Structure formats: C-alpha cells, structure tokens
Amino acid sequence: MEIEELKVWVSDLRLGMYVSRLDRPWLESPFLFQGLLIDSSETLEQLQSLCKYVYIDVEQSNYKPGAEKRSPATFAVAEEQPLPERISDRLDDKAATRVNTVTYTDSTSTESELKKAREAVRKVRKALLNAFNAVRSEQPIDAPMLRLAVKDVVASLVRNPDAVIWMSRLGEPDSYNYIHCANTAVWAGALSRQMGLPRSDIELICVGSLYCDLGKAKVPEPILNKPGRLNEEEMRVAKKHVSLGLDILESLVELDAKVRMIVAEHHEYYNGSGYPGGLSGDEIHLFAQIAGLADCFDALINNKVYARGRPVGEATSEIYSLRGTRFNPELVEIFIQAIGLYPAGTVVELSNGAIAVVVGES
C-alpha cells in the first residue's frame, strides 16, 4: 500500500510526527536510520536547524494534522462554565465580568456547508465594498447591511468554520483592503468560537473587525499602494486610519461601544509598543486583541503591493514568535488551535508531487 506522506515546513513540525523523508539525503544528516519519530524537543530542534522541509508519514505519526484543532481536552470549556480570570477580566468594556462560555461542535460537514459559506462571504465582501465606496464618496454607510452580512458569516462559522475559512481564502486581484477586512472578521470569528464566546460576542467582534480598516478609505492612495517601505511621515499618515475610522463611526449612533473599542485598540500591542495609545496587556480590550491578532495573520498570508504573502506555516510561526510582545500568549495558542496546522484552503504538495487543497481537518 502506498505511504500517505505530506510535505511539511520544519516550522510546522510537532512532537509525534513520523519523518519518512528529508529535503536532503539521510547520509547528510546525524540520524542513524532512515525514518524517525519526533519524540523529543532535541530531535525537533535538530530537524529545524538542518532542513527547510521534510515529509511526514501520516499513518506512522502519533500526531495527526489538525488533531489539536478544537480540542475539548485542552481549551474548550464545559457548557455554562466561566472563562478563566485572565481572559474574562477584559470581556465587558474596562470592567471585569464573568461570562458563560459555549462548547461548539461542527453541526455540518465542510462539503455541505460550502454553498452557504460562499454566499455568506460574498455578501459580507459586497457590503464592505459598498462601505468603502460610500466613505470615499462622502455617503453614509449601510450599517444594517453589514450587520446582516456578519450574522450569516457567524452562523456558518458556528456550524462549520472550515467552510467559511476556505471561502475566505479565495481572494480577488486588486481588492486587498476590503477583502482583508472580511478575512480578518473570519479569522477573528474562528478564534472567538474556539474560545467559546457567546454568539452575540462573536458577532460584535466580527463587526468590529470589518470596521477596523475602514479609515483607510480616507488615506491617500499613493501611501496605501506604495510598493516600497513607507518613510516616517508616510507611516504617520497611514496610522491615522484608526482615528479616521473612529470619525466615520461617529455617525452610527446605534453602534455598540465595544465595536468602537475594537477599532480604537486593534493596533495596540501586548508589550505597549503599539498605537495610537501605547496600551499594554489587559489595558487592551480582549475583543480588540482578538481582532488585532486576526488582522496581522491575514496580512501575513496575503499578497500586498509591498510584499508577497507568506505560506501559512511561516505566518503561523511568525505569530507564535510574537506571543508576549505583540500578542497575548494565551490568545496565540488558542488561535493556532482554532485554525489547525493546515487551515482549509491551504495548498499542499503531496508525496507524489500532486498539488492539493485542504478542505477541512478532522
């Protein structure tokens, strides 16, 4: 029987994986035998220092790709149990509250959910494009349309996040800014679902994520689309998208205060080095922390005028390296669990050289 192998970047290796091939001859490695189980951190570090990628034998691995995803033994909280103090302290504006969490399980298969997920992503992107165009033309935003579109996305995420994630990975050329906002909402929603936040909070976080970059519609195009690195003055102007976004939201009188807080704080960093307020740690609202992490991840994996998108494995490693500095370490761990090792829509190379797309993880 043919061995089922997957090509894996060494940054994505985990304990319990069985390495069947290296990116070089075995004789050029310190390993005595061809084929080895990664059973220690020392072996893992050796592989990461020696290779760029390896092939893993799925059948012989104790670790299965995606097995950590939505793991009830590790991060899911039993129904109607309070979140840990360190997370719940930031759930209601600037005051500590106790919020009951929900244990979500997939109620549909990825394949059966795809049609609804595609329509939900299409609707939210259309609503966002209309919002960006409205801001540029000094017209009012259709906030109710955005809220309705978010409800459909969250409903699909609750049923099966893989389907929505896959659809969000299908981008369109020359449309990064509003597509990025829609994608950020999806990643933020997936993280919020993994945390067991109530559906109403997931919707708030997704709405806030959609609005995070709306202020960029007021930033001059030469700065937004500059192919090279921004200079100090250009960066100062680009950072004004936060305050510009808040100005736009002033006209939306029925908007939840938490949505404004997400927009205001999504570029604040855990170590205090962010902007515009230099907030740190628990000074940053939890919902804004979620949106900021999702915003960064999506920016890393997608092509922009000034940088090519990175492979998902590299982006995940980058996010992991920023725990404790830019991001809350606990949120980083939960986010990686939420999306899995190979998120839906990831292109992978199989052992026979064929190219495949991941449709979901089990």
Side-chain angles (χ1 to χ4, degrees), residues 9 11-12 117-118 120-129 131-132 149-150 153 156-157 161-191 205-206 208-217 219 221 223-230 235 238-239 241-242 245 262-263 266-267 290-322 326-327 332 335-336 338-349 355-359:
W9 298 102
S11 59
D12 292 331
R118 182 186 296 112
V121 170
R122 185 194 68 79
K123 285 171 63 176
V124 82
R125 286 179 174 180
K126 181 179 179 181
L128 263 174
L129 178 59
F132 269 82
V150 162
V153 167
S156 190
L157 271 170
D162 283 329
V164 188
I165 288 173
W166 186 6
M167 290 299 100
S168 73
R169 302 289 301 279
L170 303 178
E172 300 171 13
D174 304 320
S175 56
Y176 172 75
N177 284 322
Y178 80 90
I179 293 292
H180 168 63
C181 291
N183 292 350
T184 296
V186 170
W187 296 119
L191 171 54
I205 291 165
C206 288
S209 299
L210 292 182
Y211 284 129
C212 277
D213 281 354
L214 196 56
K216 288 185 177 180
V219 175
E221 287 286 334
I223 292 178
L224 276 183
N225 297 320
K226 182 178 179 179
R229 190 179 184 88
L230 298 182
M235 182 62 73
K239 287 181 176 180
H241 79 272
V242 174
I262 290 169
V263 175
H266 75 284
H267 280 304
I290 291 170
L293 195 161
D295 172 79
C296 180
F297 180 76
D298 190 72
L300 286 171
I301 65 175
N302 284 296
N303 293 331
K304 301 167 285 296
V305 292
Y306 54 87
R308 288 192 59 80
R310 302 189 197 180
V312 169
E314 289 185 17
T316 304
S317 295
E318 176 71 11
I319 292 290
Y320 190 72
S321 73
L322 295 172
R326 184 177 292 194
F327 304 119
V332 171
F335 179 71
I336 293 173
I339 67 171
L341 184 59
Y342 301 103
T346 301
V347 177
V348 295
E349 181 182 346
I355 302 299
V357 177
V358 175
V359 298

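Heavy-atom basis, side chains included; hydrogens, waters and symmetry copies ignored. In this text, all values refer to a predicted model and were calculated from it rather than measured experimentally.
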Do you know the tightest heavy-atom contact between [X] and [Y]?
X: Ile262; Y: Ala291; value: CG2-CB, 3.6 Å
X: Ile319; Y: Cys296; value: CD1-SG, 3.8 Å
X: Asn183; Y: Ser168; value: OD1-O, 3.0 Å
X: Ala294; Y: Ala188; value: CB-N, 3.5 Å
X: Val242; Y: His267; value: CG2-CD2, 4.0 Å
X: Ala185; Y: Ser209; value: CA-CB, 3.7 Å

Which residues satisfy the salt bridge (Lys or Arg N to Asp or Glu O under 4.0 Å) test with Glu314, sequence neighbours excluded?
none
Residue set satisfying salt bridge (Lys or Arg N to Asp or Glu O under 4.0 Å) with Lys123, at least two apart, ordered chain then number -> Asp152
How far apart are the C-alpha atoms of Val312 and Arg169, what are their side-chain angles, what is the distance that settles it, and do they pass the side chain to side chain contact (heavy atoms under 4.5 Å, CB included) test?
CA-CA 11 Å; Val312 169; Arg169 302 289 301 279; 3.3 Å; yes
The criterion is side chain to side chain donor-acceptor pair (under 3.5 Å); which residues satisfy it with [X], sequence neighbours excluded?
X: Thr184; value: none
X: Arg118; value: none
X: Lys226; value: Glu234

Spacing of [atom1] belonging to [X] relative to [atom2] belonging to [Y], to within rounding of 0.5 Å:
X: Asp213; Y: His266; atom1: CG; atom2: NE2; result: 5.0 Å
X: Leu191; Y: Ile339; atom1: CG; atom2: CD1; result: 9.5 Å
X: Thr316; Y: Leu300; atom1: OG1; atom2: CG; result: 9.0 Å
X: Tyr211; Y: Leu128; atom1: OH; atom2: CG; result: 8.5 Å

Answer yes or no: is there a donor N or O on one side and an acceptor on the other, between the side chain of Asn302 and the main chain of Asp298, under 3.5 Å?
yes
Mind checking what makes side-chain contact (heavy atoms from CB on, under 4.5 Å) contact with Ala117, not counting sequence neighbours?
Ser156, Ala163, Val164, Met167
Using side chain to side chain contact (heavy atoms under 4.5 Å, CB included), reason through Arg310 and Glu318 one step at a time and then give a plain yes or no.
CA-CA 10 Å; Arg310 302 189 197 180; Glu318 176 71 11; 3.6 Å; yes
Val219 side chain reached by Lys239 side chain, heavy atoms, under 4.5 Å
no
Should Asp295 and Trp187 be marked as a side chain to side chain contact (heavy atoms under 4.5 Å, CB included) after you check the CA-CA gap, both sets of side-chain angles, and the distance that decides it?
CA-CA 8 Å; Asp295 172 79; Trp187 296 119; over 6 Å; no
ring-ring contact (aromatic ring centres under 6.0 Å, His included) partners for Phe335, two or more places apart:
Phe297
